[in-house]
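Report on one structure; see the data block that follows.
All residue numbers refer to positions in the sequence shown, counting from 1. Since the model is a prediction, treat every value here as computed from it, not as a measurement.
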Amino acid sequence: MKQHIGLIGPGNMGLAIINGLINSQMAAANQITIFGRHPEQLQTLSQTMGIKAAESEVQAAQDADILFLAVKPYVILPVLEKIKAILSPSTLIISVAAGITIADMETVLGDAHKIIRVMPNTPVFVNEGMCSLTENRNVTADELNIISTMFNSLGSTEVVPESLIHAVVGASGSAPAYVFMFIEAVADAAVLSGMPRAKAYKFAAQAVLGSAKMVLESGKHPGELKDMVCSPGGTTIEAVKIFEEKAFRGAIIDAVTACINKSKQLSGE
């Protein structure tokens with residue numbers, strides 16, 4: 001890929017994007033120009049990775065064929081105000097800001113620009129993220145495929161309509177927190193039975209990783225996979241019985257629904 005890439009906001013997510021692009025050889029470091037609020041960080045990245053450091057948002061965006069906006073949600077619209085005069089209509093604008101809609105961005109930029117909303121989750125830091133992509137009407141199928149390929153270097157992607165963004169937040173964006181809580185609780189139970197904590201975390205985390213891989217690769221319904229573990233009169237069905245008594249699934253559904261509703265509230269819906 002020979003496009004020039006700009007990135008504004010080299011925080012955790014921005015750096016994950018940069019590392020994914022470089023490590024997957026989707027882009028060379030010298031194709032990337034970044035801008036952030038901390039000059040010393042920019043200088044370090046420039047020296048260690050060969051990335052170009054910009055002196056302003058405008059400089060980072062000026063020659064970009066693809067521009068990533070990885071700033072906080074409350075910052076993104078002011079940033080667009082700063083750079084809109086120099087943005088080419090052909091530039092692909094990629095936003096990872098939660099709660100800022102395509103319509104919000106078009107209010108600042110007008111409706112001639114190419115915009116894609118991306119909703120990633122934190123496992124992108126280990127190249128196992130899940131990212132949703134939502135494009136506006138100006139983005140071509142080929143352009144959407146380019147961005148999908150980029151984010152596939154950080155895990156996996158799905159194109160979704162903007163109406164499903166809040167469901168993505170509940171089922172994916174916030175979901176790592178639920179999974180971490182589950183791993184911690186399972187490990188605590190193992191520690192209660194005498195297992196050293198480090199080993200307990202490893203057993204619990206690997207069980208989650210392997211189980212998730214079985215869902216993705218087997219094509220089987222999660223309930224069917226659960227039944228495969230539950231031998232008649234065995235240990236697993238005993239645990240499942242307690243989960244059902246404690247309304248395990250109902251609690252998860254209620255919690256994820258609350259997360260989705262909060263996402264809608266924060267977006268003003």
Side-chain atoms of residues 176-189: list all donor-acceptor pairs with protein atoms under 3.5 Å, sequence neighbours left out, distances to 0.1 Å.
unit_1 : atom_1 : unit_2 : atom_2 : d
Y178   : OH     : G170   : O      : 2.9
D188   : OD1    : R197   : NH1    : 2.8
D188   : OD1    : R197   : NH2    : 3.1

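- Side-chain heavy-atom separations under 4.5 angstrom define the hydrophobic clusters, and the remaining members of the one that includes M214 are V215, L225, M228.
- Nearest heavy-atom pair, S172 versus M130, reported as atom, atom and distance to 0.1 Å: OG-CB, 3.4 Å.
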Under 3.5 Å, side-chain donor or acceptor atoms of residues 247-254 against the rest of the protein: list the pairs with distances, not counting sequence neighbours.
unit_1 : atom_1 : unit_2 : atom_2 : d
R249   : NE     : E244   : OE2    : 3.4
R249   : NH2    : E244   : OE2    : 2.6

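- Cluster partners of I242: none. The rule joins Ile, Leu, Val, Met, Phe, Trp and Tyr whenever side-chain heavy atoms lie under 4.5 Å apart, and it links nothing here.
- Separation of atoms CD (E143) and CG (D65) is listed at 10.5 Å; rounding is to 0.5 Å.
- Taking N138 as the reference, K114, N136 meet the side-chain contact (heavy atoms from CB on, under 4.5 Å) condition, with sequence neighbours excluded.
- Annotation: side-chain hydrogen bond (donor to acceptor under 3.5 Å, both in side chains) contacts involving residues 70-81, sequence neighbours excluded, comprise E81-K84.
- The two residues L77 and D104 have their closest heavy-atom pair at CD2-O, 3.8 Å.
- Residue pairs meeting the ring-ring contact (aromatic ring centres under 6.0 Å, His included) criterion with at least one member in residues 11-39: none, sequence neighbours excluded.
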Could you go step by step and tell me if T122 and N12 meet the side chain to side chain contact (heavy atoms under 4.5 Å, CB included) rule?
-> CA-CA 9 Å; T122 55; N12 288 333; over 6 Å; no

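- Of all non-hydrogen atoms in I93 and L69, the two that sit nearest each other are CG2-CD1, 3.7 Å.
- Taking each heavy atom of E162 and T134 in turn, the nearest pair found is N-CG2, 3.5 Å.
- Side-chain atoms of S263 do not come within 3.5 Å of backbone N or O of C259 as any donor-acceptor pair.
- Scanning for side-chain contact (heavy atoms from CB on, under 4.5 Å) contacts around P196 gives K199, with sequence neighbours left out.
- Within the structure, the side-chain hydrogen bond (donor to acceptor under 3.5 Å, both in side chains) test picks out the following pairs touching residues 49-60 (sequence neighbours left out): E57-K82.
- Residues I146 and L21 fall within the same hydrophobic cluster, defined by Ile, Leu, Val, Met, Phe, Trp and Tyr side chains chained together at heavy-atom separations under 4.5 Å.
- Annotation: side-chain hydrogen bond (donor to acceptor under 3.5 Å, both in side chains) contacts involving residues 145-154, sequence neighbours excluded, comprise S148-T157, N152-T157.
- Summarising the geometry of P120 relative to V118, their closest heavy-atom pair is CD-O, 3.3 Å, with the distance given to 0.1 Å.
- Under a 3.5 Å cut-off, the side chain of R117 and the backbone N or O of S132 do not form any donor-acceptor pair.
- Not counting sequence neighbours, the partners of S90 by the side chain to side chain donor-acceptor pair (under 3.5 Å) test are S88.
- The side-chain contact (heavy atoms from CB on, under 4.5 Å) search around E217 returns K213, not counting sequence neighbours.
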